[in-house]
Amino acid sequence: MGTIAGIDLGTTFSALARLNEIGRPQIVPNSEGERITPSAVYFDDEEAGAIRVGLEALNCRQLNPERTVRWVKRYMGDSNWKKSIDGREWTPQEISSLILKKLCQDGAIENDPIQDVVISVPAHFDEVRRKATMDAGTLAGLNVIGIVNEPVAAALYYATTQTVNGRVLVYDLGGGTFDVTILDIDGRDMNIVCSQGDHALGGVDFDRKLLEVFEQLYREEYKTELIQSEQDRARYEDEAEDVKKTLSRRPTARRILYGPAGSLRIEITREQYEKAIEPLISRTEILIEVALEEAKSKVGDINQVLLVGGSTRMPVVHKRLTEKFGFAPENAVNVDECVALGAAIHAGLTLLRDEPSKVSAGITAGLRDVKLKDVCNHSYGTICAPMDEETGRPTIRNTILLKKNTPLPCEATQTFYTMAEGQTELQIIVTQGEDEDPEFVNRIATEIFELPPDRPANRPIRVRYSYDVNQRMHCTFLDEDSGRSLEVEFCVGEKGRMKPANVEQTAEELNTYKVQ
Ligand code: AMP
């Protein structure tokens with residue numbers, strides 16, 4: 001029986017956990033002996049085809065930032081983002097696959113490779129980003145059996161190892177993303193209520209605020225810019241992260257900035273830092289309010305607050321959450337590891353449900369009684385043009401088929417009608433968002449559905465949307481007269497289209513690189 005594993009593919013760090021023989025998740029250290037691996041990739045210029053991932057990549061970054069990639073998760077699903085190295089353009093999925101490959105290579109035990117995995121994603125990731133994450137896993141040669149939302153994975157780990165009960169709020173502040181999830185926990189039984197988040201709010205942004213403080217202090221002293229090159233930027237970004245971590249432990253941090261006009265001794269206080277990041281911390285509080293409203297709950301209804309993600313080590317996070325809820329948040333688990341550990345439990349539950357013969361008796365017994373009821377994280381709809389009863393004219397609007405926070409699995413079917421006589425094409429637009437106005441929703445897929453010729457107007461098109469328990473969306477458009485149907489594919493843009501054949505071909509090509 002193969003190894004069942006969960007992977008936290010983070011913005012700054014990634015981690016892999018496997019289920020042991022009694023169904024307990026365990027972090028697998030990388031070949032350097034570290035339990036978490038920096039999500040950094042370095043394309044070696046001395047050894048052709050060699051790609052360094054993790055700490056070594058991070059160390060090489062200061063010397064050669066042009067050949068290094070960090071924070072690629074921020075670009076997941078963005079078809080315009082590419083990293084050009086020696087004439088080859090690398091997509092975010094491909095770079096992420098290198099990180100996954102390193103984790104799984106290091107985590108493999110002889111004759112027992114890591115195969116069936118669940119990869120975690122931020123709760124607010126849209127369909128295109130989820131698909132891109134799955135593609136990254138396939139490119140790394142893995143069998144991705146599911147995707148789990150990071151706060152849900154963390155809650156699974158908390159609930160199976162700690163005493164957590166009642167209405168619980170998960171505050172997940174990582175390296176690049178923020179999620180807040182509200183769920184009900186009763187022993188090992190979990191029901192997700194709702195999630196909110198921001199995919200560009202995390203540790204990297206706190207580092208940048210500190211970097212701005214460095215630059216300001218240097219400018220004031222020397223009337224010269226501190227950062228003159230990409231190398232300088234890489235160096236000071238690392239310095240800022242280091243200062244940030246020091247300020248989590250101590251009230252002040254001292255450094256010397258070796259800038260172009262001379263060196264400058266600086267002292268940054270925790271107070272100064274907290275002031276610089278105040279707008280970002282306030283944004284997390286606004287998102288808590290939005291989540292509470294969505295859950296029809298008040299602050300007083302929350303029984304416990306669980307912390308997830310390295311950035312929750314900042315004292316300001318504890319202070320603000322304690323002030324808001326009137327009790328201290330829980331930090332009994334390792335906030336860097338709990339997502340990977342929970343993802344491994346999720347992988348076990350997924351296999352038990354879908355392919356129980358692949359799961360050993362020990363793991364089956366270990367996961368007995370763990371129950372998880374998840375919800376759909378966004379509203380999904382389509383753009384259509386129904387007749388306005390008042391004006392008698394068609395009006396373009398977004399019609400929602402699947403509503404946010406519906407328990408999974410869920411599906412909805414609705415019939416729409418063609419507009420014109422002889423219409424041979426239907427432009428299909430799948431949307432994500434709550435608004436009726438098409439301007440205020442995201443278009444996550446656009447396709448042309450070809451229809452038979454010579455037909456009158458008003459022919460029925462049946463649209464079926466479904467969302468499965470593995471957090472994936474499916475859409476089918478059916479022309480009822482002809483029986484013709486179109487299954488919408490969620491791909492990363494036109495240019496970076498990752499159809500199954502492309503994925504297989506690219507996976508083979510990536511195998512020619514040496515990931516270390
Ligand atoms: P994660 O993605 O959950 O591993 O979180 C990584 C982020 O947590 C990075 O931005 C780190 O700089 C940040 N982080 C880790 N430890 C600390 C700390 N002691 N104080 C502040 N931020 C931290």
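These numbers come from a predicted model, not from an experiment. All ligand and atom numbering here is 1-based and tracks the order in the structure. Each residue takes its place number in the sequence, starting with 1. Heavy-atom basis, side chains included; hydrogens, waters and symmetry copies ignored.
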Tyr171/Phe178 under ring-ring contact (aromatic ring centres under 6.0 Å, His included): CA gap, chis, key distance, verdict: CA-CA 8 Å; Tyr171 183 98; Phe178 173 68; 4.9 Å; yes
Plane angle bin for Tyr218 and Tyr222 - parallel if under 30°, tilted between 30 and 60°, otherwise perpendicular: tilted
Between Thr37 and Ser14: side-chain donor-acceptor atoms closer than 3.5 Å: no
NZ or CZ of Arg270 within 45° of Tyr273 ring axis and under 6.0 Å: no
When you measure from [atom] to every protein heavy atom, which one gives the shortest distance, and what is it?
atom                    : value
atom 22 (N) of ligand 1 : Lys244 CE, 3.5 Å
atom 4 (O) of ligand 1  : Asp336 OD1, 3.6 Å
atom 6 (C) of ligand 1  : Thr12 OG1, 3.1 Å
atom 7 (C) of ligand 1  : Gly175 CA, 3.6 Å
atom 11 (C) of ligand 1 : Glu241 OE2, 3.3 Å
atom 23 (C) of ligand 1 : Gly310 O, 3.3 Å
atom 21 (C) of ligand 1 : Ser248 OG, 3.3 Å

Close-contact set for ligand 1 against [X] heavy atoms, below 4.0 Å:
X      : answer
Met314 : 21 (C)
Gly309 : 3 (O)
Gly203 : 10 (O)
Arg313 : 15 (C), 16 (N), 18 (C), 19 (N), 20 (N)

Pair Arg313 + Asp336: basic N to acidic O under 4.0 Å: yes
Charged N-O contact under 4.0 Å between Asp116 and Arg18: no
Close aromatic pair by centroid cut-off 6.0 Å: Phe13 and Trp71: no
Within-cut-off N or O pair, Thr11 and ligand 1, under 3.5 Å: no
Residue Arg320 excluded, over 12 heavy atoms near CZ under 6.0 Å: yes
